[in-house]
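Heads up: the structure comes next, in structure tokens.
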There are 2 protein chains.
Amino acid sequence: MTRHDGPLDQLIRALAALPGLGPRSARRIALLLLTNREKLLNPLIHALEQTAEHIRNCETCGNLDMITPCRICRDTTRSYRTICIVSGIADLCAVERTGAYKGQYHILGGVLSALDGIGPDDLRIASLLERVRPGDVDEVILALSATVDGQSTAHYLTDKLQDVTDVKITRLAHGVPVGGQLDYLDDGTIVTALKSRAVL
Amino acid sequence: MTRHDGPLDQLIRALAALPGLGPRSARRIALLLLTNREKLLNPLIHALEQTAEHIRNCETCGNLDMITPCRICRDTTRSYRTICIVSGIADLCAVERTGAYKGQYHILGGVLSALDGIGPDDLRIASLLERVRPGDVDEVILALSATVDGQSTAHYLTDKLQDVTDVKITRLAHGVPVGGQLDYLDDGTIVTALKSRAVL
């Protein structure tokens with residue numbers, strides 16, 4: 001038996017649809033929002049509205065920004081001769097956080113997945129080939145997750161890219177994570193790290 | 001180094017301020033909202049606005065509803081001679097979910113806490129005494145958490161209530177939770193359950 005109907009119920013359902021939140025945490029958040037209108041509810045509404053109004057996808061790389069092309073695509077201090085392919089914006093943020101990469105990005109919008117029914121036409125592959133074809137790009141870095149879907153996407157992209165251009169195609173190194181303990185690692189990682197061992 | 005400024009950053013901060021969410025889950029939610037505007041972002045904005053506009057606190061019990069007095073306070077099929085005192089609306093929902101209680105509620109808005117600086121004036125105690133004083137109430141049930149703060153609040157309320165009325169004051173039973181395993185229970189609960197043992 002539930003006590004509340006109407007707006008509060010709708011809010012709880014809308015919150016529970018977000019990743020990481022279930023009905024209980026959604027209810028807890030909804031009640032806290034309503035008891036802290038000035039400090040929590042109104043700023044959240046304002047931030048959501050502002051975001052909905054001003055943030056859009058970059059036409060070039062697919063990143064989210066207030067302008068299109070986005071600030072990364074406009075940044076002339078970054079190399080335009082390297083394109084890093086990532087699955088989504090969260091991965092772009094992860095690479096950007098390191099500060100170690102100074103090229104351009106291309107966001108696929110996911111990875112190929114037979115289980116989830118995501119095929120090549122659902123990803124931003126055509127626009128990637130358009131960007132690479134003219135020959136202005138020296139290197140394409142496939143920064144995709146080391147999962148089955150991520151790696152099959154990488155293979156598919158390699159084939160497609162090699163059809164249209166002779167650009168250098170690289171992928172992130174596989175191996176022991178920095179700070180990782182050997183005995184907690186899966187066998188696949190250890191085998192890969194052994195095969196790709198580096199000379200000291 | 002963070003890539004986004006402006007609205008998206010504000011949204012991530014507003015989301016990260018909610019209970020159970022940190023900066024990472026807030027970013028994940030914000031990006032998902034922006035890639036699912038029709039299905040997630042717009043319904044959430046709508047639900048928040050509707051809630052902010054229509055939901056208010058009941059003047060009598062403190063519950064949240066679209067009308068005041070709220071539907072529980074208006075419900076003439078419920079007994080007006082029993083008042084169940086709860087700390088917050090989440091606790092009211094928990095009691096209501098059971099369907100086992102058919103009286104009225106009074107929401108304190110928290111419990112006394114020296115650590116958090118919450119004193120008697122911060123809780124809805126004065127309005128509780130107003131409700132109980134006329135003598136229309138037979139029983140007050142203290143449905144507060146079995147924590148130190150909850151129990152000291154219960155003692156304080158018992159003293160205050162006994163000053164103004166001779167109403168019967170009860171509290172929820174303490175003991176082994178239904179389905180609970182003895183060897184996982186803390187000693188305090190087992191001692192209480194032993195002391196309050198029931199004849200079969």
Side-chain angles (χ1 to χ4, degrees), chain A residues 1-15 17-21 24-37 39-57 63-66 70-72 88-90 92-93 96-99 109, chain B residues 1-15 17-21 24-37 39-57 63-66 70-72 88-90 92-93 96-99 109:
Chain A
M1 188 182 125
T2 167
R3 262 291 311 144
H4 300 288
D5 289 301
L8 188 56
D9 254 357
Q10 284 171 25
L11 175 60
I12 293 172
R13 267 199 303 275
L15 286 168
L18 301 178
L21 296 180
R24 250 164 212 264
S25 42
R27 175 180 297 272
R28 188 169 157 227
I29 288 174
L31 294 176
L32 196 82
L33 284 171
L34 281 163
T35 44
N36 291 274
R37 288 176 191 239
K39 273 176 67 183
L40 290 176
L41 182 56
N42 294 342
L44 181 61
I45 292 178
H46 179 75
L48 283 167
E49 283 174 341
Q50 288 290 309
T51 315
E53 194 175 335
H54 294 299
I55 300 283
R56 64 205 67 196
N57 283 98
N63 188 14
L64 289 169
D65 206 335
M66 291 170 74
C70 73
R71 261 167 294 179
I72 294 183
I89 294 151
L92 182 153
C93 295
E96 275 300 283
R97 254 198 317 272
T98 67
Chain B
M1 187 180 126
T2 167
R3 262 288 314 143
H4 300 288
D5 290 301
L8 187 56
D9 254 357
Q10 284 172 25
L11 175 60
I12 293 173
R13 269 200 301 277
L15 286 169
L18 301 178
L21 295 182
R24 249 163 214 266
S25 42
R27 175 180 299 272
R28 188 169 156 227
I29 287 174
L31 294 176
L32 197 83
L33 284 172
L34 281 164
T35 43
N36 291 275
R37 288 177 192 237
K39 273 176 67 182
L40 290 175
L41 181 57
N42 294 342
L44 181 60
I45 293 178
H46 179 76
L48 283 166
E49 283 174 342
Q50 287 292 309
T51 315
E53 194 177 335
H54 295 299
I55 301 284
R56 63 206 66 198
N57 283 98
N63 188 15
L64 290 169
D65 206 336
M66 292 171 72
C70 72
R71 259 165 296 178
I72 294 183
I89 294 151
L92 181 151
C93 295
E96 274 300 284
R97 252 198 317 272
T98 68

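Chain letters run A, B, ... following the sequence lines, proteins first, then strands; residues in each count from 1.
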With a 3.5 Å distance limit and no angle check, can you tell me whether A:N63 reaches the backbone of A:C70 through a side-chain donor-acceptor pair?
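Such a contact is absent between A:N63 side chain and A:C70 backbone.
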Using atom types as modelled and distance alone, determine if a side-chain donor or acceptor of A:N57 lies under 3.5 Å from a backbone N or O of A:L64.
no
Non-hydrogen atoms of A:A30 and A:I12 that approach each other most closely:
CB-CG1, 3.8 Å
Minimum heavy-atom separation for A:E53 and A:R56, please, with both atom names.
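Distance-wise, the nearest heavy atoms are O-NH2, 3.5 Å.
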Is it the backbone or the side chain of [X] that comes under 4.5 Å from a heavy atom of chain A, or both, or neither?
X: B:L41; answer: side chain
X: B:R13; answer: neither
X: B:L48; answer: both
X: B:S25; answer: neither

Could you have a look at A:A90, A:G20, A:P19 and say which one has the most heavy-atom pairs with chain B under 4.5 angstrom?
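Of A:A90, A:G20, A:P19, A:P19 has the most heavy-atom pairs under 4.5 Å with chain B.
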A:R24, CZ atom: more than 12 neighbouring heavy atoms under 6.0 Å:
no
Residue, of B:H46, B:R28, B:R37, B:H54, that accumulates the most heavy atom pairs under 4.5 Å with chain A
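Heavy-atom pairs under 4.5 Å are most numerous for B:R37.
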